[in-house]
Every structure is written in C-alpha cells, then in structure tokens.
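Each remark here refers to the structure printed beneath this line.
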Amino acid sequence: MRLKIEKRLVPSAWLKVTVPVCSVLMAFAIGSLFLYFQGVSPLKAYTVMASSAFGSAYDLSETIVKALPLAMVSLATMSCFTMLLWNIGAEGQALMGALAAAAAVRYFPMENPFAMLGLMALFAMLLGGLWSGFAGVLKARWNVNEIISTLMLNYIAIRGLEYFVYGPWRDPASLGFPMTKPFIDSARLPTLWGTRIHLGLYVVLFLTLLMWFLLRRSRWGYEIQVIGSNARAAHYAGMNYERSVVLVMFFSGAIAGLAGMCEVSGLEGRLQAGFTAEYGYTAIIVAWLSHLNPLVSLLVAFLMGALMAGGDALQIMMGLPVATSTILQGLILFFVLGGEFFYKYKISWDGGR
Amino acid sequence: MQGEARTTPLVEMRGITKLFSGVTANDDVDFSVKAGEVHALLGENGAGKSTLMNVLYGLYAPEKGQIFIKGTQRVFRSPKDAIAAGIGMVHQHFMLVQTQTVWENMILGLEGTGFFLPRRKIQDRIAEISEHYGLQIDPSAFVWQLSTGEQQRVAILQMLYRNAEVLILDEPTAVLTPQEAGYLFKTMRRMKEEGHGIVFITHKMHEVMNETSRVTVLRKGRNAGTVMTNETTPEALAEMMMGEKVPIDLFKSPLQPGPELLEVENISVLNDRGLPAVEGLSFCLRPHEILGVAGIAGNGQRELCEAVVGLRAVTEGKIYLQEEDMTHASPRAFIDRGVHYVPSDRKQVGMAADLDVNVNSVLRSYWQAPFSRHGVIDWSSCEEHSRNIIDNYHVSVPSGRTPVRNLSGGNLQKLLLGRELSRDLRVLIAMHPTWGLDIAATRYVREQILCAREQGCAILLVSEDLDELMAMSDRLAVIFKGQFMGVLAEPSAVSFEKIGLMMAGSRASEVLKEEECCHEA
Amino acid sequence: METLTPILAAAVRSGTPILYATLGEILMEKSGITNLGLEGIMLMGALSGFVVTLSTGSPWLGLLFAFLLGGCLGLLHAFLCVSLGSNQVVCGLAMTMFGSGASALMGRNHIGVAISGLHSFPLPGLAELPVLGRVFFNQDAMVYLSFALVVVLYVYLNFTRPGMNLRAIGDNPKAADAMGLPVARLRYFYCIVGSGLVALGGGYMSVVYNKFWAEGMVAGRGWIAVAMVIFALWNPFQAALGAYLFGGVEAFQLRLQTAGTPIPAPLLMMLPYAMTILVLLIIAVGKGRSILLRAPAALGIPFHREERD
C-alpha cells in the first residue's frame, strides 16, 4: 500500500464549495486554540465577534460598511490576478485615490454635489490609475518585478499621505491630530437608510456587474484570460502583452483609487492618516478566496467585513488587539491554499503489491 | 556476439507498464541491454521510447514490471538509485544547469567528494575522460555559452563521470549536423569497445542500420519485437514501427500554381538571443502550391515562420502580400488577410491549454465578427464555431467546455489545424504539422493540407521528415544557418543523400548536376 | 568624519535585522522558493525572542528560540509550496497576516516591558581602528555573527558542493532531480533554515536593537528585505551593502529629524522605498545579456517529477 497522487482531469465541482467552507471551519478551530492558550475563551470571543457582526440591524450595517471597500478593492485586483500580474499595491492606490479626492475638495470646491463628487472620482481614478500604471510601465517595459514595485509604492503612498495630513493640509482646529478639515457637504457621498452605509454600495454593485461583464463577456476580458493562461499563446494570437499590462494595471489602480475616494467621502468625511486599515491586503485574500469571480467576491467581502467588525469588537469588548482577526484571515488562506491541492489532485491508496 | 548473448545482460526490464493519468505510455514491455552492444530503441513519436527509458533511469515509477541489473532485481525510487546501479541517461533536453560551468555540472548531485569543490581534481578527471572518448570540451566554460552539440558532449561526459555502464541516449542526433553526428558515433563505438551497453533512441532508419547491433521496436507503447540488426532490413523495421506497410500514398493532384501571392525579399531575422537566425532569405508562395522547407532543427525555421506571419520583427528585407507591403504589419493584419500559422509547439504556443476548447477555437479570430462585436464576445457564435471545428475535423472531445489540456496530441492538432483552416484561408504556414501524431492522425493532417492546396491556398511546409516533404512539396527548399542552400523545382528527382549534403551546408550548385538544379536562393 | 561615524555605526545596527532577513530570503530563493511572508516571520521572531529573553533572562536563548520558531514557519511554507504546490505569493501573504495577527495577540501583555537584552561588545584590537573600528567593531555579537554569516554564505554558495547543489535546484530542478538530488527535501531544508534566519532578524529587533516589544514593530523591514534580495542580485555581500544603505538612510533621517531640518519627516522616510524602485529599475535596464545576473530560473515554480506537458 502506498499513497498515490493523480492529477484530476476534470476539477471536482463540489470541492470548489467544500474546500472554502472547511477552510473557514478549520481556521476557526485552530484560531480557538490560539485564543484558548492565550487565556481567552474562544467561545466568548467568537460569540462577541458574531454578535457584533450580525447581531442587530445596526451591526449588520456596520459590517456592510466594512465590506464595501474590501469588495471594491478586490474587484480592482481581480483583473490583474487573472492576468497573473501580482499587483499587491491596491492599498497605496486607494490611498492615492483618497488623496486626490481630498485635493479636489481643497482646491476646487463646488456647491453642486454632482460636479464635486464627479471631479473627486475623476481625480481619484486618475491618480490611483497612474500610481498603479507606473508599476505597469516598469513591468511591461523593463520587466521590473511588480510585487516589489507595487509594494514599495504602497509605502511611498503612506508617507505621501502623512506628509499632507501632518503638514500643509492639517486642520488647525484638529488639536494636532493628523487630519484635514472636514469636507464640504457637497463632497460627501449621501448615506442610506439612516445608517453609515453610503452611496458606495451602489458603486460596488455596479462595479461588480461591470467587472463580471468585462472579465467574462468582453473582448478585453478574453485577452486578459488568455494572457494569464499562456503569454506565448497570447502573442501568437496577436495580443500586445506590454500594452495589456499597462492598461490592466491602470484600470485596476483606478478602481482602487475610487474605493479610496468612496471611503473618505462616504465614511470619514475628511482625509486622515491610516484610514484604510490595510484593506488593500485583505482585499487580495477576498479576490483569491472568490476564485477571481466578481459575483462571488461580493459574498466573500461581506464575510471578511464581518471578520473585521468582529476584530474591532474584540478590542472594544475584550481588550484584544484588532489584529487578532488577521490570524483568522491568515489561517483561512493557509487552509484554502492547502485545499486547492485536493481540487487539482486526487489522492487514493494504491492497492498494488 | 554469439558468446556474449548467453552472458547475463547488464539490464533486463520485464513487463514494464507505465500509465499517465490513465493513458498507457508503456504496456507490458520487455527490454534488455548487454555489455558491448548498441541497442537501438526505435519507434514513432509517442511510441513510449522516452517513457520506458525514464523508467529505467528512475524518473518514473512503473505501475507494473521488474528491473534486473546484472541479474539482481532492483527498484529505483529516483535517478540517484539508477545512477548508483550504473545507469546513465542523456535526455533530449539536456539536464544541465545553464548558469553553472561544465565542471560544476559534472559533479552535480554526486556525493562523497568532500565539502569544498576540488576544482582542479575534477578538471583533471574531465580531461582524462574526454581524451579517452574523444569528447573535447572546455571545463571552465559556462553551459549557456556552449552550442547544442557541445552541451550534448557535456551531458555524455556527465554520465561517464559517474561511471555509467549503461548509457541511454535519447534521440541524440536530432539536434546534430551530420558531421557532429559522425563524431558522436565515433564516441559510441569507443564506449562499446570499453564494454558499455548503449541504448540509442532514434527514429532514423539509416542510423539504426549503420550504428547498432540490436533493435527493439516500440509501437503504441508495446514491444513490437527485438531483432538483430544484421538480420533485418529497413523495410521490415518500418513495418514493425507502423504495424502495417504504410507508404505515403497521398493523392496529390497536378495543379498549375497561380500568380505569386506572398513574396519574401531578402529578409533577415534575429532569434530570441538577438543573434541572426535568418539571413537574406527570399522566396515566394503561390496558390495551389506547397513549398517545403527541409533542414536540421534550429537552422532558423521557426524564426522564418514567425517573421512571415508577423510574430517576429524583420530587421532587413521586405514581405509583400499581393503587392501590399506587410514587412512591419501586425500579426493581426496577417490573420485578417488570410495568412494562418500552425506552430510546432502546439500546447506551449498554439493553445492556451488551461482554457476550454471554445475559447481556443477563436484564439486567432476572436476580434472578428461574428465572434465579437463592439468589444463584446458573442459566446454563442464562438461555441457554434468550435462545434463546427469539432465536427468537421473529427476532434474527439467530450464538450466545448473541456480544457484543451485534456486533449490528446492528435486531437489537439486537429483542433489547431481546424481553427487555422476553417477561416478565410489564403496562405498557410505549417511547422511540423505531423510531429508526434499517430498514423491515422498524420494521414488526416496531410490530407487536409493537400486539400487546402487544392482549394487555392499557398503553403509553406516546414518539416524534419524528408519522406513527408518529398511526398507533399511542389518545390523544396533546404535551409542551413538561416539561408536557403537551394530550392528544388523537382524534389522527387533528387536523392536523399544530396539533400542531406545540402542540409549540412553545401550549396545546391555544388551538389546537384546541371539538369537537377533549378535555381539557387 | 567625527559627526559621520556615529551615523554609520547606527546604520550598521539598524541594517542588521534587514541583513538577516535578506540572507534568509536569498537562501530560499536560491532554492527556487519565494517567501513573501518575511514581515510575519520577523514579527513572530521578534515576539518569541523577546518573550523567551524576558522569562529566562538569556538573550541568547531568546534568539535561538526565535530562530527555531522561524524554522517552524518555514516548514509550514515549504509544506504548502513544495509538497502541495501552492501559489507562493499568496502563501507569503497568508504568512504575513498570520504572523502579524498572532504576534499582536500573544504579545499584548508584553507591551511596555523592557529587557536588558544583548549589549555591545567591542572587539579587542579591531575596535580601536580609526573610523572602521567605531563603525563595524564596536557593535554587539549579533552584528559580528551577521558579518560571519555573509562570508560563510558567500563561500557556501560559490565554493562548496552543497552550495552548488542549492544553485542547481533553484535554476533547473529537473536537471538536479535527474542527477539524483532530492529536490523537495533540499527545498524544505533551505526554507526552514532561511526562515529561521529571517526570524533571527526579527529577534534582533526586539532583543538587541529596541530591547522592548511593540505590536507591528518590524514596520515594513520584512518587505524591504524582499526587495533587497533583488537589489543584491542574490549575492550576500551586496545584501550587506544594501541592508546598511537602508540602515543608513534610517539613521540619517532620525538625526535630521532631531536636528530640525526643513525637510518633512514623511518625505525623508519615502527615500528607502523610492530607492528600492530606482535600484530595481537600474538593474532591470542595465542587466545586459548575462544570464548570471538573473533570478534563479525556477523561482516560484513548483516542481513535480512526473508532470508532463
């Protein structure tokens, strides 16, 4: 008897569902061990997390508020990942989007909310897109590793934002806190149903459908798929790899930038340091867990948002660090990665002599 | 010879069966190698020759069967075990580390010679072996700087350095010029005299007849028979390879070629390393005509094909398609004007293998109506198109949603050919279209190409199979180092030997008699 | 020179954690495995080193423990990436998340506690050298160990048999396998040792450099180390140069800030990151044709023997 590993010719369909579900369950199981050995009751911690994520209408709305940027940024990274471009700079691109939106408010204030918000969105998408497109140009023209370049651009974006909120744009009335003046009313995305959920919800829903259409139905999506699957075949099919890289990077950065703008305009109402709470990285997990399917990512983003809301609750109610919930994120990802093996391979006991 | 036959063979393989994802690559194969013999392993592409030898070398674990080394049964869990048992293998794609030097490659994976690298000692040993077997090489050169022939020498040395008693050479002559092959045969004879057992994988009949003492023929993964070389004939071996006598009896109708369609004037092209691959080539393609290109692999065939379909930049010269200057046109411009291309790397270049048949069936036409309009893909017409290809070209596949990766070689090629032939077709560039296909698929592909010729397509056919070229070409060009040594107007009137000389770099004017010579490039 | 030497000495000290992490990543990448989880591994190393030092009073035990824990995380990475063939980029991200989360949770009660840690130890004789002595030989033992490590790794990679095998499995695992090298086992080994070194860099942060624990104290150094590997072209000596350069910028900018320069701090702190991109670009543009300067050819690609195309 020995272990026999064979490649599956047809990937199993139901494993596509069971692997993520089991991964989440196992991550929570391992996470509970961590909590237990830290002297924290896992049961209590998970109850706190669950109730603060789904407990009431208000909690649910807060979870959605957290899920919105995650969903949007994961949509942004999806086009890149489909093409096997490892853009992990969505964080920085979102920051730059927020920065650009704040610049629009500061230098071109307008009374008309449509004009104001439109200009903010335009600025945000442009700067986010350029921020990412720059890494795209480096990749396309000189084959500079995009993982490193987008990552470094994240740090530069963080420092750039700090420069403005600590320096020239700081609100004198902020008592020394690193933040700008509150935006004028026309620069605020309206909120819905008396909750903190803002108009960004519709933007996310629209973008999800758009992204699904682009990736699955459009000629551009076709090219992205082929390039991601086999760059040599793409060349043979007359596709321009370099141009596609720059374009996809720009596009992805633009959406991330828009996400940053929605966040400051819909939620914070001003630009301040550290507002993204590393959405950019969590969104990568969302994109990966949803198998790069825009429709699925909506659901995954919601669950991730719940996890983050739960993390906040752990801090407030149990005095644990917010980062506690990132253990669970990491573990889920580990299990999903491991589970993909079973998705691709079949394991059986070989009864040979 | 008679006496040796009774001694225990160096290697004996019994009943070897090897499956790949359920597909049988070797089926109950017996095979043996004796000391002091060159044993040819003959068979078509895909007959299971390399698989069988990889089993012997410990790379693949067989599902069934036993291996005996000098009479003792052994189980090889990895090449390490096989090497320790005195088995050495020179793969078709040499197992060398490009970024390391020759001497470093020599001791790769070897144990028990100390922690630090005894460079001087190793180099002395290399010098000793290379002199003994006539394998000249600079031990301090980096592998990536060496020519293919030199790399092969390194790979052989690597095995001799490990004291391999049995040496497996996997199609060693496919990448060599006839002269280089001559040196290799000299080395093989030398090794034979030393008492090594040599397995020589090939599908070239004359090499089998001249250089080996025994032949085993594999057909579709099964042993079709083992015979002494001096007791058989090429015809008999061919029959064993194919199962039945299949001469290429294609019906090629005599057709009058049309006016010049694709004209190539003095083009030069660089290879991936930026070195000249094609230098000052000129030719034309005409409707109803096949121009064959013969030559040893790596003499600029691929670069030539890619340049002619717009996939590779032309550094000098001009390409015209019906008077239109296409020298710097995009690949798409070529496709839109009916120039299609069947590349030799079907899976690596011709298909996005992870994606399904529907996606791949429009790979080179997805931007055209009806497959996409206003930037939107119309999947239903793509599906219809792929169903048409599947039906018309007899592609055996469960559905259009099956990933291309799961198709067999023959079906993949049918799909590819169907895709390239099914659209508006004026020029076809085909490279090794029958490589690795079984007899039925080979015949089918050839018929389809001839059918395209009938319908007025101008065809460039690159192949390494001279029989195929002779049977199909209306004119035959011989390429060497990126240049045509000559273009034969009456290929069947010229002997294989003379074409062979041209493949090795002799000009047509030097080789051919006045009346055979048509015109030189 | 008088004003510069303290800055240079500080550069070496603050470059040391990056150097350890870079050397660890070089080992892994040479074997063909990318590990982007350095940030998480360093944090775990920093926390474990600190906790063990705190409870045993021995900084050496703390550092040893950091190394071992890092090895365990490397084992996890190797299991996923070598045995299961998972995507190495995503796996690294998971490692980063897991490491930062777990270290934050487990270290929450240790914030604000100080340890005496490891003290500097001037090397007799060498420390008196002008400038050089002050900069390089008036440091702690872990800095000297990193010097030795640079030399040892360089020799190991270029002049020893196992080092040569290591280069082979990263460049052409197929050939290495055909020559009888146990590719998977070796990749496991280098993943474990490499991650151990990375965690040692983290341990240096908490046990030697800061002598306290703070959540997220590695502050992006893990990511910088990833970039440093490319900057160094997988050469240990260049890795040292890069690490000290970054340490220098950090030290320099601290001085400038305290001196009240007109340049705002955030802009100065951009410098290391901008420099990395610039260096990547310079290398990429000026790479030329030599394949010896390229990344290990099989980097990031899982290897399975019987897989056929």
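Predicted model, so just to flag it, every value in this text is computed and none were measured. Labels below follow one simple rule: chain letters A, B, ... track the order of the sequence lines, proteins then strands, and each chain is numbered from 1.
- Among B/I335, B/D354, B/N360, B/V359, the residue with the largest count of heavy-atom pairs under 4.5 Å with chain A is B/V359.
- The shortest distance between side-chain heavy atoms of B/L311 and A/H235 falls below 4.5 Å.
- For A/Y222, the part lying near chain B is the side chain, with the backbone staying farther off; criterion is any non-hydrogen pair under 4.5 Å.
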- Apply salt bridge (Lys or Arg N to Asp or Glu O under 4.0 Å) to A/E223 and B/R332, showing your working. CA-CA 14 Å; A/E223 290 175 6; B/R332 236 165 244 194; 3.8 Å; yes
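- Residue contact with chain A, scored on non-hydrogen atoms closer than 4.5 Å, involves the side chain of B/S372 exclusively.
- Interface summary for chain A: among B/A353, B/P331, B/G375, B/A333, the most heavy-atom pairs under 4.5 angstrom belong to B/G375.
- Residue B/F371: no heavy atom, backbone or side chain, is found under 4.5 Å from chain A.
- Separating the CD atom in B/Q348 from the OH atom in A/Y236 is a distance of 13.0 Å, to the nearest 0.5 Å.
- Across all their heavy atoms, A/N230 and B/V349 have their closest contact at ND2-N, 4.3 Å.
- Here the closest non-hydrogen pair linking B/A352 and A/S229 is CB-OG, 3.4 Å.
- Closest approach of A/A237 to B/R364, counting heavy atoms only: CA-CG, 3.8 Å.
- Here the CD1-CD distance, from B/I377 to A/Q225, works out to 9.0 Å after rounding to the nearest 0.5 Å.
- Only the side chain of B/D345 comes within contact range of chain A, with at least one heavy atom under 4.5 Å from a heavy atom of that chain.
- Distance check: A/R217 CZ to B/W379 CH2 gives 8.0 Å after rounding to the nearest 0.5 Å.
- B/R373 does not touch chain A: none of its heavy atoms, backbone or side chain, sits under 4.5 Å away.
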